[in-house]
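Below, read A as the first sequence line, B as the second, and so on, with proteins coming before strands; counting in each chain starts at 1.
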Amino acid sequence: MAPQTRRMAFPSVVVVEREDADSEQSTSDEDEPEEEDPLPESEPEPEPEAEAEVAENGNGDNKVKQKAPITISLKKVCKVCKKAGHEAGFKGATYIDCPMKPCFLCKMPGHTTMSCPHRVTIEHGIISASHRNASNALEYVFERQLRPRIPLIKPAYVIPDKVNCGVIKYHSRRVTCLEFHPTKNNILLSGDKKGQVGVWDYYKTSEKMVYGNIHSCIVNNMRFNPTNDGAVYAASSDGTISCTDMETGISLSLMNLNPDGWQGPSSWRMLYGMDINSEKGVVLVADNFGFLYMVDMRSNSKSGEAILIHKKGSKVVGLHCNPIQPELLLSCGNDHFARVWDMRRLEAGSSLFDLAHRRVVSSAYFSPVSGSKILTTSQDNRLRIWDSIFGNMDTPSREIVHSHDFNRHLTPFRAEWDPKDPSETLAVIGRYISENFNGAALHPIDFIDISTGQLVAEVMDPNITTISPVNKLHPREDVLASGSSRSIFIWRPKENSELVEQKDERKIIVCGRSEKKQSRKLGNESDDSDDDMSNLKGKNVKSKKSVTKVTPYSRKGKR
DNA sequence: ATCGTATGCGCCC
DNA sequence: TGGGCGCCCTACGA
């Protein structure tokens, strides 16, 4: 009854069409006339080769003026491979791959994303490839049978059916990391590519603060001091690690790897991975040359010498301390490995396990409760789960194909555990490839059950057309924070929620039109507080407007 | 060749 | 017009 009417209030909420080919026609009418090209599709190019070459210059009109006026076919070359006969790019809200390239999703040649088995089978780019790495089927079955029956004891994780989304627009460069306050529920920290750090109370804007001078470039990781949540540490590509007192705002630089300043790119050291080992009272950081550093939290000084933990000269992008066994450290980096270390025996080459990947490993995290599983995100478009139960970490216990490619303009994607899920099966990660959602190209945020490989929910908002590579689930509440381009989105369950869509046990959670009062609650409730931020550009925190228009992805076709 | 790295710029409000 | 925006690029060097 009520749910039904509610549902009708947002008519765009529909199950995404399977036949993407069909969507071309349906979207092309509302899309801009990119197909204005007078040349019919069926008509073959008169001189494809010769014309194609001219076309590359962009101003082929001048070049061909002395030739016979056969210039009409110039556009019909693929922008990726420059060959005629097909065109890569958006057709409406659907991206057509260049067939000459490997599949953009699974990276295998011979097909495109559209026909990729990893997309077709379960849809939307997710499939479990669980037995892929077992050497034979028997081993796979064996492994499956031995593995604890997690589903039986699994308390269902809670994924709301309907969410509201608030937006914080402050950062002038892309958001690179997010961190929830460990005890204060509404406090979120954000770091960006410029080195700015924002502290937000996303319920009321009266408590917000921006630190613009802690770091001079990318903030790669932030972490609260577990024994003193008034202090937050940040690692930056400026080569420093900072400790900021949340009360006073005073920031210390605990370490500077570039004391002599810029001496060229080959010597400039950057800090990426960072975590805190509270047992030992040290901050662990790692740089872009493969080294690990430790800073004593009491003396705020470097403790010991740098240790080579990954291939020399390669970037170490992630560090994580085991939540249960403080002597266990996990690292990952650009040498295609994630490595498990014993803190008591930390020296080059002494890793306990080396988890091999096919590409750069963007993140590696121990599971949040037991610490017995490892979730890695690799730039080969696969999530991997490594289960230490077998004591054999040669191969992952599961691989999940998922679109989270590297792109130079995007913060690397990192799959994150749900810290609230005691079954340790739920992970969240943004998706790179877009979904044609009623004519809009949207990039959902995926919730994946890593025990089955199933996509259990995908969150999106018709108004958010940007990619959300940075995602963090709240440690206690049903809140998801996403960093998407220069914006931060806060997703919260909508009260009195009803099921929006369900298909194959998967929820498509669409952030519908926010109720006005709700969006106010998030942003502008206390506009009076804006005065302390008046020196910053415009309105720093604003509520998400309830925009009814679903903006189609039309830019590409416009002239 | 492949792969990692770093940065820009066309489009559009 | 110009500045903000956002990326299925892409050139370069090892």
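Under the rule for a side chain to side chain contact (heavy atoms under 4.5 Å, CB included), the partners of A:Val470 that lie at least two apart in sequence or sit in another chain are A:Leu178, A:Thr411. When the side chain to side chain donor-acceptor pair (under 3.5 Å) test is applied to A:His404, the partners found at least two apart in sequence or on another chain are A:His402. By the ring pair (Phe, Tyr, Trp, His ring centres under 6.0 Å) test, A:His474 is found to be paired with A:Phe180, residues two or more places apart in sequence or in another chain being considered. With sequence neighbours excluded, the residues satisfying side chain to side chain contact (heavy atoms under 4.5 Å, CB included) with A:Ser237 are A:Cys217, A:Ile218, A:Asn220, A:Met270, A:Tyr272. In this structure A:Ala235 satisfies the side chain to side chain contact (heavy atoms under 4.5 Å, CB included) test together with A:Leu271, A:Met274, A:Val285, sequence neighbours excluded. Here A:Arg486 pairs with A:Arg173 under the side chain to side chain contact (heavy atoms under 4.5 Å, CB included) rule; sequence neighbours left out.
Here the nucleotide nearest the side chain of A:Ile467, chosen from C:dG6, C:dC7, C:dC8, is C:dC7. Looking at the side chain of A:Val80, the nearest of the listed nucleotides C:dG6, C:dC8, C:dC9 is C:dC9.
Between the NZ atom of A:Lys79 and the C1' atom of C:dC7 there is a distance of 10 Å, rounded to whole Å. Remark: P of C:dC8 and NE2 of A:His402 are 17 Å apart, rounded to the nearest angstrom. A:Lys193 places its NZ atom 9 Å from the C1' atom of B:dA6, with the value rounded to the nearest Å. Atoms CZ (A:Arg174) and C1' (B:dA6) sit 10 Å apart, rounded to a whole Å. Between A:Asp192 atom CG and C:dG6 atom C1' there is a gap of 15 Å when expressed in whole angstrom units. Per the geometry, CZ belonging to A:Arg431 stands 15 Å off P belonging to C:dC7, to the nearest Å. A:Lys169 places its NZ atom 6 Å from the P atom of C:dC5, with the value rounded to the nearest Å. Atom NZ in A:Lys91 sits about 15 Å away from atom P in C:dC8, given to the nearest Å.
The residue A:Asp97 sits close to a base: some heavy atom pair falls under 4.0 Å.
For the pair A:Tyr95 and C:dC7, the criterion of a side-chain N or O lying under 4.0 Å from OP1 or OP2 is not met.
Ring-to-base geometry places A:Phe104 in a stacked arrangement with C:dC8 (centre distance under 5.5 Å, plane angle under 30°). Stacking is not found between A:His409 and the pyrimidine-like six-membered ring of the B:dA6 base under the 5.5 Å centre-distance and 30° plane-angle cut-offs.
One P atom belongs to C:dT10, the other to B:dC11, and the distance between them is 13 Å to the nearest Å. Distance noted for atom P between B:dA6 and C:dG6: 24 Å (whole Å).
A:His443 and A:Ser468 are not linked by any side-chain donor-acceptor pair at a separation below 3.5 angstrom, with hydrogens and angles left out of the test.
Residue pairs meeting the salt bridge (charged side-chain N to carboxylate O under 4.0 Å, His left out) criterion with at least one member in residues 98-110 of chain A, sequence neighbours excluded, are A:Lys107-A:Asp405.
Between A:Tyr170 and A:Trp200, the ring centre distance stays below 6.0 Å.
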Pick out the pairs of N or O atoms, protein on one side and nucleotides 1-5 of chain B on the other, that lie under 3.5 Å.
unit_1: B:dC3; atom_1: OP2; unit_2: A:Arg359; atom_2: NH2; d: 3.3
unit_1: B:dG4; atom_1: OP1; unit_2: A:His336; atom_2: NE2; d: 2.3
unit_1: B:dT5; atom_1: OP1; unit_2: A:Asn334; atom_2: ND2; d: 2.6
unit_1: B:dT5; atom_1: OP2; unit_2: A:Asn334; atom_2: ND2; d: 2.2

Pairing annotation in dot-bracket form, given for DNA chain C with Watson-Crick or G-U pairs under 3.5 Å and | for cross-strand partners:
.||||||..|||||

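Applying the side chain to side chain contact (heavy atoms under 4.5 Å, CB included) test between A:Met460 and each of A:Asp446, A:Thr465, A:Leu442 identifies A:Leu442 as the sole match.
Within 3.5 Å, a donor on the side chain of A:Ser434 pairs with an acceptor on the base of C:dC8, or the reverse.
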